[in-house]
Asks: 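I'd like to ask some things about the structure below.
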Amino acid sequence: MYILQLLGLFVLLSIVVLLIQYYKRRWPVANFPPGPTGWPFIGTILSIRKEVFFRTIADKLIPRYGKIFSLMQDVPIVIVTGYDAINEVFQSNKGFDFASRNEPMYLLQLHNPKKLGLFAADYSERWQQQRRFALLTLRGFGFGKTNFEGKITDEVSLLLSHLKDLASVPQDLSTLLTSGVANVMCDTFLGCHYDHNDIEFQHILHVMEESFEIYGGKKSQLLDFVPISRPFLKQHAQKIIDLNEEWYGFLMSKVSGHQKAFVADSEPRDFIDCYLAKGLEEPDIFTIEDLKYVLSDMFAGSTDTTSNTLKFALLYMVMNPDVHEKVHQESMRVVGTSRLPCLEDRDKMPYTAATIYETQRLATIGPSIPRCATVDTTLAGYSIPKGTNVVCNIWLVHHDSNLWPDPERFDPSRHLNDKGEMVKSPHVLPFGAGRRVCMGETFAKMELFLFFSSLMHRFKFELPPGREPPSLDSAPGFTASPFPFEVLVKEYL
Ligand code: HEM
């Protein structure tokens, strides 16, 4: 009897200690953003059972806790949902307070535990050196300038010739679009070019897309959010490890090929050559391991986002034929029939530019941007300790009915003024902002314009008759992509 009482007391004490420990971790400082308290082992998972956590949780939690609230993963995480607070994170006068990336949770540990490269790196001297070098090198290649235009238009022409060959049977154009965008990056970063039907190329693009998809899925969120789920999700974790191995194996095979053929002081062929040369000058900073992650961030970060934007643009065109027609008419007026659109035409085609901009708003390819506090700081009056993960929910800004009347309606004219000129809004943030702003913004805008305007100039895309309209939602994933859909392709005569 006495032993049983002692055991009961021990269990009770253990629970109390566990709760106190959890409570201390959950509320690291006074005045931390409010949110559900949650429970040891499972955190706040019960409050966020929806499938695409950061896109939808806010419906339930904002009314209760306000626009800035906190959740408990393995560690506390602050979700920022209003434009003003997001602007504070991005453009903070305090400078670099939120310029780091989130602390490695389980998934990041699996593929980049040292937080190397560009996207996952903390705000540090090393990250600054990598970013500066990558930007300077790409500028040297003409990246973001008109002399890079030729590389893109070559790919556009190739894509158009593939579309010409398509018979009038419904087609999913997803693979063709991704291949076109990826080839521009292959040329720049890896020094190679693939046929669209090449099996190795298609396989590796599939691996890349599957990785993005799997990272945003429900099981991956569980792995990050709920540590006790990990023993039950070993197969899923292994799948992620396998995909990582294939992806990085592909990139490293390109690097080792370059290493074998590398001749110091000779004209660099591509980004890898430039990096290897830099590595000779500063071997401790520009290592092969760093290169692996820099390449991955630039290549995957650009291909997935740009091709997904184009896929959504195509989807919105088939669902809004009047807009499609206006974009086509504008290109015929400005460009005529004898050539394809070029960058010089961009300023003369405001309706097309507004259509791309509206696509970026409505689709929001990067719905939640992860950052991390570099110092003890404040946000909208709340205390945020150093090392706190902060996620900016851009999707909600882009869909806020106070900023966008009828926000779910696809309407490019909301970005045009009375004179028909395109007007940018501070509330459209597809590339993030501030110190960690997307490195490829200028280039992505060039690519989106050239691909999209040329497609609209030459082809009419329609929904196959008698089909259910495709979903306008985005499939689960780290970035937003449309669910598969088919279109009929008709060439304008
Ligand atoms: C439509 C296309 C694109 C979209 C929507 C997009 C979106 C984004 C977003 C939202 C971020 C995070 C920004 C922040 O934290 O404030 C980002 C970062 C980044 N993007 Fe892009 N991106 C696109 C194209 C590209 C391209 C073409 C490249 C490279 C050629 C690129 C390379 C990067 C890199 C390296 C980072 C990490 C920067 C850092 O953390 O220092 N992106 N992008």
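For ligands, and for the atoms within them, numbers begin at 1 and follow the listed sequence.
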Asks: Would you please test Asn393 and Ser368 for side chain to side chain donor-acceptor pair (under 3.5 Å) and show each step?
Replies: CA-CA 5 Å; Asn393 190 321; Ser368 39; over 6 Å; no

Asks: May I ask whether Arg435 has any heavy atom positioned less than 4.0 angstrom from an atom of ligand 1?
Replies: no

Asks: Heavy atom to atom 3 (C) of ligand 1, shortest distance: which of Thr442, Thr305, Ile86 holds it?
Replies: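 Nearest option to atom 3 (C) of ligand 1, by heavy atoms: Thr305.
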
Asks: Quick one: does ligand 1 sit under 4.0 Å from the side chain of Arg101, the backbone, both or neither, non-hydrogen atoms only?
Replies: side chain

Asks: Under 3.5 Å, is there a donor on one side chain and an acceptor on the other for Glu88 and Tyr83?
Replies: no

Asks: Taking all atoms of both residues into account, what is the closest heavy-atom pair of Lys311 and Pro482, and its distance?
Replies: CB-CG, 3.7 Å

Asks: Show your working on side chain to side chain donor-acceptor pair (under 3.5 Å) between Gln360 and His398 and close with a plain yes or no.
Replies: CA-CA 9 Å; Gln360 294 201 284; His398 286 180; over 6 Å; no

Asks: Based purely on interatomic distance, does Asp297 place a nitrogen or oxygen under 3.5 Å from a nitrogen or oxygen of ligand 1?
Replies: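 In this structure, Asp297 places no N or O atom under 3.5 Å from an N or O of ligand 1.
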
Asks: About how many Å separate NE2 of His206 and OG1 of Thr178, when rounded to the nearest 0.5 Å?
Replies: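 Atom-to-atom, Thr178:OG1 and His206:NE2 are 12.0 Å apart.
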
Asks: Does one side chain, of Asp122 or Ser124, offer a donor that lies under 3.5 Å from an acceptor on the other?
Replies: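 No.
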
Asks: Assert yes or no for the condition that the ring centre distance of Phe148 to Phe443 is strictly below 6.0 Å.
Replies: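 Distance test on ring centres: under 6.0 Å, yes.
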
Asks: Indicate yes or no: does an N/O atom of Arg436 lie under 3.5 Å from an N/O atom of ligand 1?
Replies: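 Yes; the residue has a nitrogen or oxygen that sits under 3.5 Å from a nitrogen or oxygen of the ligand.
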
Asks: Which one of Gly366, Pro430, Ala120 has a non-hydrogen atom at the shortest distance from atom 10 (C) of ligand 1?
Replies: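 Going through Gly366, Pro430, Ala120 one by one, Pro430 has the nearest heavy atom to atom 10 (C) of ligand 1.
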
Asks: Measuring from non-hydrogen atoms of Lys445 to any atom of ligand 1, is the shortest distance under 4.0 Å?
Replies: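 No, that is not the case, since the closest heavy atom of the residue is not under 4.0 Å from the ligand.
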
Asks: Do Tyr248 and Tyr293 have ring centres separated by under 6.0 Å?
Replies: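 For Tyr248 and Tyr293, the ring centres are under 6.0 Å apart.
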
Asks: Which atoms of ligand 1 have any heavy atom of Thr309 under 4.0 Å away?
Replies: 1 (C)

Asks: Check for me whether the distance between the ring centres of Tyr215 and Phe478 falls short of 6.0 Å.
Replies: no

Asks: Any atoms of ligand 1 less than 4.0 Å from a non-hydrogen atom of Arg131? List them with their elements.
Replies: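 What qualifies from ligand 1 is 38 (C), 39 (C), 41 (O).
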
Asks: Please could you name the atoms of ligand 1 that Phe443 approaches to less than 4.0 Å, counting only its heavy atoms?
Replies: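 Those atoms are 27 (C).
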
Asks: Indicate the ring-plane relationship of Phe96 and Tyr123, choosing parallel, tilted or perpendicular according to the 30° and 60° boundaries.
Replies: parallel

Asks: Which atoms of ligand 1 are found less than 4.0 Å from any heavy atom of Trp127?
Replies: 39 (C), 41 (O)

Asks: For atom 9 (C) of ligand 1, tell me which residue out of Phe299, Phe98, Phe431 has the closest non-hydrogen atom.
Replies: Phe431

Asks: Taking 4.0 angstrom as the limit and counting only heavy atoms of Ala433, give me the atoms of ligand 1 inside it, by number and element.
Replies: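 Close to Ala433: 16 (O).
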
Asks: Sort out for me which residue in Trp247, Phe189, Phe119 forms a ring-ring contact (aromatic ring centres under 6.0 Å, His included) with Phe299.
Replies: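 The ring-ring contact (aromatic ring centres under 6.0 Å, His included) with Phe299 is passed solely by Trp247 among Trp247, Phe189, Phe119.
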
Asks: As a check for students: among Ser100, Cys438, Gly440, identify the option with a heavy atom nearest to atom 22 (N) of ligand 1.
Replies: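 That would be Cys438.
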
Asks: Out of all atoms in ligand 1, which are within 4.0 Å of some heavy atom of Arg371? Include the element for each.
Replies: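 Close to Arg371: 14 (C), 15 (O), 16 (O).
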
Asks: Could you tell me whether some N/O pair between Ser302 and ligand 1 is separated by less than 3.5 angstrom?
Replies: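 Min N/O separation from ligand 1 is not below 3.5 Å for Ser302.
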
Asks: Can you list the ligand 1 atoms lying under 4.0 Å from a non-hydrogen atom of Ala444?
Replies: 2 (C), 24 (C)

Asks: Have a look at ligand 1 and work out which part of Ile369, if any, has a heavy atom under 4.0 Å from it: side chain, backbone, both or neither.
Replies: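 For Ile369, only side-chain atoms sit under 4.0 Å from ligand 1.
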
